Amino acid sequence: MIKFENVSVLYPGAAEPALKDLSIHFNQGEFVCVLGKSGAGKSTFIRCINGLQPVSEGTVKWNDKSLAEMTPKENLEVRRKTGMIFQHFNLIPRMSVVQNILTGLFGYKKSYENLLGLFDSNERMSALEAIDQVELTVEPTRRVENLSGGQKQRVAIARALIQNPKVFLGDEPVASLDPGTAERIFHLLKETHIKRNLVSIINVHDVGLAKKFATRIIALKKGKLIFDGSPENFDEKVYAETYNQ
Amino acid sequence: MVWFKKRQFFVFLIIAVLAVYSMRLTEFDLSKFRDFENMGDFLSKWFPMNTDSLPYLFTESVLTISIAFLGSLFGLIIALPLSFQAARNTSGHRLIFAATRFYLSFLRSVPEFVFGLILLTTLGLGPFPAVIAIVLHNIGVLGKLISELIEAADKGPMEAMSAVGAKRWIGNLFAILPQIWPNVLSQFFYRFEVAIRTSLILGLIGGGGIGQQLFIHFKTFQYQLVSVDVLLIMIMVILVDYIGGKIREKVI
């Protein structure tokens with residue numbers, strides 16, 4: 001479904017590319033965890049999938065069509081079919097839980113409808129259902145800055161769910177959460193993943209979480225793919241290779 | 001001298017030289033305060049206040065507030081979209097960014113008084129040219145200040161809006177405006193307060209309001225009315241500052 005063909009990314013002014021000649025593909029139903037040290041290229045990799053980060057060389061393909069060759073409309077389609085969650089949640093401050101979740105529909109609606117907040121009753125109902133799905137027990141009208149880290153990430157997941165995504169991307173979604181909350185969030189991601197038969201690709205620092213939840217692990221080092229396999233095969237030797245100098 | 005570097009001494013020296021030079025140019029001389037009692041004599045003529053014209057002066061004060069309010073409100077409404085084009089991170093194109101920045105700088109560089117004088121030739125005397133003069137200058141000032149707030153806003157929500165497939169301008173608007181809104185309100189109320197003082201100056205060129213009354217009372221030596229004018233001006237400024245603070249508190 002998603003294919004990287006010889007992808008490299010070189011940031012302006014950087015001596016070394018953030019991603020080097022990466023070729024990999026992902027299929028429907030896979031729950032992939034991406035491991036690697038800070039600066040290994042994990043975030044760049046995740047951002048290349050939905051085109052937030054343009055590639056310098058190579059191609060990223062969705063269903064055999066290159067992102068670079070897509071029309072703006074097709075690119076928009078890719079983005080709205082991709083739910084993305086971030087380390088710092090990236091919620092809109094001073095807006096409520098339900099308002100933040102409804103912004104997940106921005107890609108589907110006309111500009112004036114977004115501007116005026118014209119959401120029909122079905123859409124509002126979907127936002128409330130998304131709140132239920134992520135087991136968020138706060139008032140939908142509560143401002144997001146008053147929530148805990150775990151609650152904020154649940155709002156971010158609900159925002160992604162309302163997009164009705166085919167692909168779920170996570171850029172260190174549990175890095176700023178305590179271990180217990182991190183595990184609960186991973187549980188939620190896995191459950192959603194199974195229910196909706198998604199492709200989920202998630203950056204994570206915690207190898208334990210990756211081994212517990214992933215169906216496939218990939219490891220990056222200095223922008224290069226050094227491991228691609230099942231969690232069982234991610235052994236101490238691979239761990240050492242991934243995290244040591 | 002752990003805290004200071006040699007270069008900082010050089011900077012202090014330049015500042016000191018500039019200060020001394022400016023004092024010479026401005027005939028800055030504190031010994032001139034020896035004739036302080038003249039001021040006392042002058043101020044004593046301001047009292048007792050002549051409150052007979054208070055209702056009329058109150059109406060003129062309301063006119064001044066209206067000039068300042070409209071000047072700041074329309075300034076904000078026009079500056080807000082321009083500021084998104086004047087910010088590096090949200091501008092559609094480098095040329096649009098440069099042109100908008102230049103336009104805002106131009107508006108800022110022309111004082112309201114000069115705009116007022118120019119507008120008099122078309123719009124005649126009265127509060128309307130005063131409102132337009134304040135609007136024009138406020139577009140320049142608020143546009144620059146808001147564009148700097150936009151540039152300093154957290155990029156995270158913008159990235160999230162791109163990721164959901166929102167159109168760029170909608171994403172920017174929703175990701176940034178809620179972040180900067182309390183500061184935008186602060187700037188608005190500060191400019192409102194400044195606009196009250198500006199509209200007093202515009203009263204000198206026939207802009208109307210309490211400023212024009214102050215000018216007339218001064219010119220005709222009616223100092224007991226001058227004191228009423230000054231009191232009303234002080235009340236207006238303090239009131240705007242207080243209300244602005246309360247509204248900002250609510251918004252945050």
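No experiment lies behind these values; they were computed from the predicted model shown. All heavy atoms count here, side chains included; hydrogens, waters and symmetry mates do not.
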| remark: Per-residue tally against chain B (heavy atom, under 4.5 Å) across A/Leu52, A/Ile85, A/Asn50, A/Asn100 peaks at A/Leu52
| request: Name, in order of residue number, those residues of residues 103-125 of chain A that have a heavy atom at a distance of less than 4.5 Å from a heavy atom in chain B; otherwise write 'none'. | output: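 Hits under 4.5 Å: A/Thr103, A/Gly104, A/Phe106, A/Gly107, A/Ser111, A/Asn114, A/Leu115.
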| query | Got a salt bridge between A/Lys152 and A/Glu145, using NZ or NE/NH1/NH2 to carboxylate O under 4.0 Å? | reply | no
| task | Output yes when A/Glu69 and A/Lys65 qualify as a salt bridge under the 4.0 Å nitrogen-oxygen rule, no when they do not. | result |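 A salt bridge is absent here (no side-chain N lies under 4.0 Å from a carboxylate O).
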| Between A/Thr82 and A/Val78, is there a donor-acceptor pair closer than 3.5 Å when you use the side chain of the first and the backbone of the second? | yes
| remark: Ranked by heavy-atom pairs below 4.5 Å to chain A, first place among B/Phe174, B/Trp181, B/Trp169 goes to B/Phe174
| query | Side chain, backbone, both or neither: which part of B/Met161 has an atom under 4.5 Å from a heavy atom of chain A? | reply |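 Looking at B/Met161, just its side chain touches chain A.
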| said: What part of B/Leu173 gets within 4.5 angstrom of chain A, counting heavy atoms only: side chain, backbone, both, or neither? | reply: side chain
| message | Once rounded to the nearest 0.5 Å, what's the spacing between atom CD1 of A/Ile131 and atom CG of A/Leu161? | response | 11.5 Å
| task | Evaluate the side-chain proximity of A/Val174 to A/Gln153: yes if any heavy-atom separation is below 4.5 Å, no if none is. | result |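 Not in contact.
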| field | Test of ring centre spacing under 6.0 Å for A/Phe213 and A/Phe31 | value |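 Ring centroids of A/Phe213 and A/Phe31 are no less than 6.0 Å from each other.
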| request: Report yes or no: is the cationic atom of A/Lys61 (NZ for Lys, CZ for Arg) closer than 6.0 Å to the six-membered ring centre of A/Phe4, at no more than 45° off its axis? | output: no
| task | Please determine which of A/Arg79, A/Lys73, A/Arg80 meets the side-chain hydrogen bond (donor to acceptor under 3.5 Å, both in side chains) test together with A/Glu77. | result |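 Single pass found, and it is A/Arg80.
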